[in-house]
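In what follows, a structure is listed as C-alpha cells, so that the remarks can point back to it.
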2 protein chains.
Amino acid sequence: MPSRLIVSRELADLFRLLAHADRLRLIEDLRGGEKDVTGIAQSLDLPATRVSQHLALLRAQRLVEERRDGRNHFYRLAHPHLAAWVLDALPFIDIRQRLEDADHIDTARALWSVADRNPH
Amino acid sequence: MPSRLIVSRELADLFRLLAHADRLRLIEDLRGGEKDVTGIAQSLDLPATRVSQHLALLRAQRLVEERRDGRNHFYRLAHPHLAAWVLDALPFIDIRQRLEDADHIDTARALWSVADRNPH
DNA sequence: CCAATGTCTGCAAAAGTTCGCAGGCGTGCA
DNA sequence: TGCACGCCTGCGAACTTTTGCAGACATTGG
C-alpha cells in the first residue's frame with residue numbers, strides 16, 4: 001500500500017513550501033486578490049528579488065497563478081481557500097511562548113483578517 | 001503592527017514541523033489513539049531511534065503528549081483535530097504529478113482514513 | 001545486583017534551504 | 001534605437017535539517 005507513502009510525501013512538500021514566514025505573509029497578502037511583484041514586495045517590506053524567488057517556488061507547486069500585463073506580473077492564489085485553511089492552524093501553535101492564552105489567538109486572527117487591508 | 005510577523009513565524013515553525021513525510025505518517029498513525037514508540041516504529045517501518053527523534057520535535061512544540069508506563073512511553077496527539085486538518089490540505093497538493101484527478105484525492109483520503117487501521 | 005529492554009540524547013556527515021548579488025530577458029517610452 | 005523598468009534565474013556562501021550511530025538513562029525480571 002504505497003499510496004500512503006506517496007500522499008505523505010506530497011503533503012510534506014506542501015508543508016515545506018508553507019514553512020517560511022515570508023511565504024505565509026505573501027499568501028495572506030494575496031487573499032485580497034491579485035497583485036504584482038512590486039506591490040507584494042512593498043506591502044511585505046522585502047526586496048522584490050526575494051519575493052520573486054518565493055513566487056517561483058509557489059508557482060512550481062501551482063499554489064499561485066500568474067497573469068502578465070506589460071512588464072508587470074500579477075499573481076493570485078490558485079486556491080483562494082488556502083489562506084483560510086492556513087489560519088485554521090492557529091489553534092495548534094504553541095501559545096505559551098509569545099501569546100498568553102486562547103483569546104490572543106482570536107486577536108491574531110482578527111489582526112490578520114479581512115478588515116485589515118490598510119497599508120500596514 | 002508586529003503581531004502579524006510574530007504569528008507568521010509561529011505558523012512557519014508549525015509548518016516546518018509538519019514538513020516531513022514520516023512525521024505526517026506518525027501523526028496519522030496516532031489518530032487511532034495513543035501508541036508507544038516501538039509500536040509506531042513498527043507500523044511506519046522505521047528505526048525506533050528515528051521515531052524517537054521525530055517525537056522529540058513534536059513534543060517540543062506540544063503537538064504530542066507523553067504518558068510513561070514502565071519502560072514504555074505512550075504518545076498521543078495534543079490536538080486530535082490536527083490529523084483531520086492535515087488531510088484538509090489534500091485539495092492543495094499538485095495532483096498532476098502522481099494522481100490523475102480529483103477523484104483520486106478522495107481515494108487517498110479514504111485510504112488514509114479511519115477504516116484503515118490494519119497492519120499496513 | 002546484573003542483564004535485557006525501551007527510549008532518549010549527542011554528535012558529525014550529508015543533504016537541503018535561504019539569501020544577496022550579478023546578470024539576463026522582455027516590454028514600453030522617448 | 002536606446003534606455004529604464006519590472007521581473008526572472010543562476011550561483012555561491014551561510015545556515016538548517018536529517019540521518020545513522022554510539023552511548024546514556026530508567027525500568028523490570030532473574
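Reminder, nothing fancy here: chain letters follow the sequence lines and each chain counts from 1. From a predicted model like this one, the values you see are computed outputs, not experimental measurements.
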Phosphate contact (dC8(D) OP1 or OP2) by H73(A) side-chain N/O below 4.0 Å: yes
Nearest-Å distance for atom pair CG/P, residues L58(A) and dT18(C): 11 Å
Nearest heavy atoms of F92(B) and L63(A), plus distance in Å: O-CD1, 3.6 Å
Atom-pair distance (CG on L46(A); C1' on dT18(C)), nearest Å: 13 Å
Residue from R23(A), K35(A), R76(A) passing salt bridge (charged side-chain N to carboxylate O under 4.0 Å, His left out) with D29(A): K35(A)
Nearest-neighbour nucleotide for the V37(B) side chain, dC8(C), dT19(D), dC19(C) considered: dC8(C)
R16(A) or R59(B), whichever maps to the more 5' nucleotide of DNA chain C: R59(B)
Nearest-nucleotide comparison on DNA chain C, the residue closer to the 5′ end among G39(B) and A19(A): G39(B)
Whether W85(A) and W85(B) hold their rings parallel, tilted or perpendicular, with breakpoints at 30° and 60°: parallel
Of the listed nucleotides dC8(D), dT18(D), dC5(D), the one nearest the side chain of R71(A): dC5(D)
Whole-Å distance separating the CZ atom of R67(A) from the C1' atom of dT27(C): 15 Å
Below 4.0 Å: OP1/OP2 of dC8(C) and any side-chain N or O of Y75(B): yes
Rounded distance (nearest 0.5 Å) linking atom NE2 of H20(B) with atom CZ of R16(A): 8.0 Å
Residue whose closest nucleotide on DNA chain D lies nearer the 5' end, Q53(A) versus N72(A): N72(A)
Touch class at under 4.0 angstrom, heavy-atom based, for F74(B) against every strand present: nothing
CD on Q61(A) to CG on L17(A), rounded to 0.5 Å: 4.5 Å
R68(A) vs dT27(C): side-chain N/O to OP1/OP2 distance below 4.0 Å: no
From dT19(D), dT9(D), dC8(C), nucleotide with atom closest to T49(A) side chain: dT9(D)
Nucleotide nearest R23(B) when distance is taken to its side chain, options dT19(D), dT18(C), dT18(D): dT18(D)
N or O in side chain of H20(B) less than 4.0 angstrom from dG16(C) OP1/OP2: no
